[in-house]
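Working notes, structure below.
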Amino acid sequence: MSGDTRDGPGAISRRDLLKAAGVATVAVGLGGDPARASGRSPGSIAFHGVHQAGVTTPQQARLVFAAFDVTAMSRSDLRALLVRWSTTAADLCAGRPAATLVHARSQAPTDSGEAAGLGAAGLTLTFGLGPGVFDERFGLASARPAPLADLPPFAGDQLDPRLTGGDLCVQACADDPQVAEHAVRNLARLADGAAVLRWQQHGFISRPADGGTPRNMLGFKDGTNNLDAGDEARMRANVWAAADSSPAWMLGGTYLVARRIRNFVEHWDSSSLAEQERSIGRRKASGAPLGARQEDDPVDPRRLPPDAHIIVANPRTGAASERERILRRGYGFADGLDPLTSLRRGDDGSAVEGLQDSGLMFLAFQQDPRRQFVTIQARLAASDHLDEYLAHVGSGIFAIPPGVPGRGGYIGQTLLG
Ligand code: HEM
């Protein structure tokens, strides 16, 4: 048995993962391993740690993202929900069923059952607190972190209220779609009486067999110049909450910006290769920046159109650009046809030309969205050539509190006491 935490392409060494997560509690595969000893299934990623898992831990193949509205009206009921969620999340991430459904009225099985026998599948559950937690309901307004500012409107936004906002979020990632789905479903059951589902997004990302950079729904390699989640100094500078902008209760945490971005794939697929490549600023096949040869070659802005996506996203103006950089951890989606934008054809309107509802569930972790996402997105909305091919239709911003150190602790404990 090697020291890998998980098998298959993209598996990283255990040491690297420990380094990346900054957490000394990651399970390994076989006999004698701490996962077995603690009752966790092989392939599990520990729920407990300094930071929440699902930020710098390796990206799994599947996403179920869920945003909730809190219906509880008291701080103690909100706290009780986060306690229930944290206890159950530790079980689910260890590959155990949900065992803590507390509602007396329910004679239903405590776990819905569809993940039985599937193991942990690398499940991570990452919880976030939206702006609504800090409104008048819970007396927490003075604890609201300044970086959790409401996102401003951006030019071209087509936000659908049914895909926007949320008082709480759960990002469930796993290598098995049913495991991620099961986790959100059982957390939603547990929320009964305290929170209701507001919107949800499923996603996927497939790693090529050669272990190379995955491709997004535009067919381009996505993540080439992402931050390195294993670079601790970089995570401290750009991702983890900092004492000069965040309250003490957020230290060890981070901020998540979620955007459901529709890609107009029909329009994109009928555009020339040259147009596609100048929109992104990279070659489609190799991922090399225009004017260079290899994917990892440095980007020379003088050799790219100024409105190419990678230049507008990162103008490479030195320290200021470096401070803006974010940790992207998004997933593709393909949700069938969009009935609203699909076209009716023929005199009687009976024939339909369906338009695909595909795109990117953009998820990015950062130290301060005011300095990072908002600055970048304001530029992209004003002058990104790629804009013609996409529309932001959903949005959310969440404070991701620090990790839960161990059993008995809960998400948000540093805030709620
Ligand atoms: C559907 C929408 C989007 C698509 C298809 C897309 C696609 C891509 C691709 C193909 C790359 C080049 C490979 C890489 O370095 O990862 C890239 C880079 C990047 N994108 Fe996007 N992107 C989208 C939206 C956004 C948004 C909303 C933001 C932030 C507000 C963003 C920020 C970045 C950044 C920072 C880079 C790296 C630039 C660099 O340093 O070279 N992207 N994107």
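All values below were derived from every heavy atom in this structure, side-chain atoms included, with hydrogens, water molecules and symmetry-related copies excluded. Ligands are counted one by one from 1 in listed order, and the atoms in each one are counted from 1 as well.
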Part of I261 within contact of ligand 1 (heavy atoms, under 4.0 Å): side chain
Within-shell test, R262 vs ligand 1, heavy atom, strictly < 4.0 Å: no
Proximity flag G223 to ligand 1, non-hydrogen atoms under 4.0 Å: yes
Note, Q276 side chain near F220 side chain (heavy atom, < 4.5 Å): yes
Side chain, backbone, both or neither: the part of R316 lying under 4.0 Å from ligand 1 by heavy atom: side chain
Distance below 2.8 Å from atom 21 (Fe) of ligand 1: protein N/O/S atoms: H309 NE2
N263, portion touching ligand 1 at heavy-atom distance under 4.0 Å: side chain
Non-hydrogen atom of Q377 closer than 4.0 Å to ligand 1: yes
M217, portion touching ligand 1 at heavy-atom distance under 4.0 Å: neither
Side-chain donor/acceptor of T414 to backbone N/O of W249, under 3.5 Å: yes
Axial cation check for F333 ring with R260, 6.0 Å and 45° limits: yes
Structural part of L218 in contact with ligand 1, heavy atom criterion under 4.0 angstrom: side chain
Donor-acceptor pair between R316 and S321 side chains, under 3.5 angstrom: no
Check: K221 N/O within less than 3.5 Å of ligand 1 N/O: no
Interatomic spacing from CD1 in I205 to CG in L63 - rounded to 0.5 Å: 10.0 Å
Heavy atom of L390, distance to ligand 1 below 4.0 Å: yes
